[in-house]
Amino acid sequence: MKSNSGYTFFFKNFFLLFAMLSVFGGAMGYLFPESVTVNGKPANFEMYDYVKLGGVCILSVIRYLLFSPHFLSVKLGGQNITILDYEPEKLVNWTNVESIRKFWFVFPPLYKLKIKNEEGYYLFTTQPTYMDTGIGTADLSFMGSFIRRKKKELNI
């Protein structure tokens, strides 16, 4: 069972993409002010609006730099977790897992993995078989049920 590479790419690069779109939108509004309309009327942007947009872009880039190294692809097996984004691939035994938990209000399902005697954490997704229940996200994938079973077996 391997995590979904498309969703991993999306989560890893979301903040960078958001920053790039914000810069592009701000540049279009600055260079072609008549192209920006609000309620059918041309919008008048002031320098303060561009400063706010620049601040949002800078925060997005900082978030990208902070969070993107933690998003990776994993492959789950009977006794091991293989972290695929390392050269060579990193093999972690299930008994060395300190915690593994799902973020309830993020979909597709996103998991946080902490390994004993290691600093930091890893974030990964499962396959896109989930249900948004209104009070959280239910992971219906085979990988999600495997994680729940392992957590129960090992009391993680």
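As the structure is a computational prediction, the values presented were derived from the model and not from experiment. All residue numbers refer to positions in the sequence shown, counting from 1.
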Exercise for the section: Tell me, with the steps shown, if Ile83 and Tyr122 meet side chain to side chain contact (heavy atoms under 4.5 Å, CB included). Expected result: CA-CA 9 Å; Ile83 300 174; Tyr122 304 104; 3.9 Å; yes
Handout entry: ring pair (Phe, Tyr, Trp, His ring centres under 6.0 Å) evaluation trace for Phe71 with Phe124
Key = CA-CA 6 Å; Phe71 286 103; Phe124 66 93; over 10 Å; no
Exercise for the section: Apply salt bridge (Lys or Arg N to Asp or Glu O under 4.0 Å) to Lys90 and Glu118, showing your working. Expected result: CA-CA 13 Å; Lys90 185 175 181 178; Glu118 273 193 30; 2.6 Å; yes
Practice task
In sequence, state the C-alpha distance, the side-chain angles, and the governing distance for Met1 and Phe142, and then conclude on side chain to side chain contact (heavy atoms under 4.5 Å, CB included).
Solution key: CA-CA 8 Å; Met1 294 163 289; Phe142 184 68; 3.1 Å; yes
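Contact annotation: the side chain of Val106 never approaches that of Thr137 to less than 4.5 Å [non-hydrogen atoms, C-beta and beyond]. With a 4.5 Å cut-off on side-chain heavy atoms, Leu16 and Met20 count as touching. Contact of the Tyr111 side chain with the Lys102 side chain is registered, since non-hydrogen atoms from C-beta on lie closer than 4.5 Å. Here the side chains of Phe103 and Lys112 are in contact, with some heavy-atom distance below 4.5 Å. Taking 4.5 Å as the limit, every side-chain heavy atom of Val97 sits out of range of all side-chain heavy atoms of Leu154. Between Phe11 and Thr125, some side-chain heavy-atom pair lies under the 4.5 Å cut-off. For the pair Asn80 and Val92, the minimum side-chain heavy-atom distance is 4.5 Å or more. The shortest side-chain heavy-atom distance between Leu76 and Met143 falls under the 4.5 Å cut-off.
Leu72 and Ile81 fall within the same hydrophobic cluster, defined by Ile, Leu, Val, Met, Phe, Trp and Tyr side-chain heavy atoms under 4.5 Å apart, directly or through other members. Residue Leu31 is not grouped with residue Val23 when hydrophobic side chains (ILVMFWY) are merged at heavy-atom distances under 4.5 angstrom, including chains of intermediate members. Cluster annotation: Ile115 is connected to Ile147 through the hydrophobic network of ILVMFWY side chains, with a link wherever side-chain heavy atoms come within less than 4.5 Å. Tracing side-chain contacts under 4.5 Å through hydrophobic residues (I, L, V, M, F, W, Y), one never reaches Ile58 starting from Leu21; they form parts of separate clusters. Side-chain heavy atoms closer than 4.5 Å link hydrophobic residues (I, L, V, M, F, W, Y) into clusters, and following such links, even through other members, never connects Val61 to Val56.
No donor-acceptor pair closer than 3.5 Å links the side chain of Trp104 to the backbone N or O of Ala138.
Distance CE/Met131 to CZ/Phe107: 13.0 Å, rounded to 0.5 Å. Going from atom CD of Glu98 over to atom CG of Asn96 covers 11.0 Å, rounded to the nearest 0.5 Å. Note that CZ of Phe9 is 8.5 Å distant from CG of Leu17, once rounded to the nearest 0.5 Å. Here NZ of Lys152 is found 11.0 Å from CZ of Arg149. Values are rounded to the nearest 0.5 Å.
The number of heavy-atom neighbours closer than 6.0 Å to CD1 of Ile135, taken from other residues, nucleotides and ligands shown, is 12 or below. Phe18 CZ: 12 or fewer foreign heavy atoms inside a 6.0 Å radius. Summarising the local packing, CD of Glu34 is surrounded by more than 12 heavy atoms from other residues, nucleotides or ligands at distances under 6.0 Å. The neighbour count for Glu153 CD, taken as heavy atoms of other residues, nucleotides or ligands under 6.0 Å away, is above 12. Around NZ of Lys150, the count of heavy atoms belonging to other residues, nucleotides or ligands within 6.0 Å exceeds 12. Counting non-hydrogen atoms of other residues, nucleotides and ligands closer than 6.0 Å to OH of Tyr30 gives a total of 12 or fewer.
Closest approach of Ala19 to Cys57, counting heavy atoms only: O-SG, 3.7 Å. Listed here is the closest heavy atom pair of Asp85 and Ser73: OD2-N, 3.1 Å. Residue Ser22 comes nearest to Leu53 through the heavy atom pair O-CD2, 3.4 Å, listed as atom of the first residue, atom of the second, then distance. The two residues Lys2 and Leu84 make their nearest non-hydrogen contact at CE-CD1, 3.4 Å. The shortest non-hydrogen separation linking Ser141 to Gln127 is CB-O, 4.0 Å. When all heavy atoms of Pro128 and Asn4 are compared, the closest pair comes out as CD-ND2, 3.2 Å.
Judged by the 6.0 Å distance and 45° axis criteria, Lys114 is not positioned over the aromatic ring of Tyr121. For the pair Arg148 and Phe146, the cation does not sit on the ring face, since its NZ or CZ is not both under 6.0 Å from the ring centre and inside 45° of the axis.
Residues Thr126 and Asp139 bring a donor and an acceptor atom of their side chains to less than 3.5 Å of each other.
Ring geometry for Phe15 against Phe67 counts as tilted: the plane angle lies between 30° and 60°, on a 0 to 90° scale.
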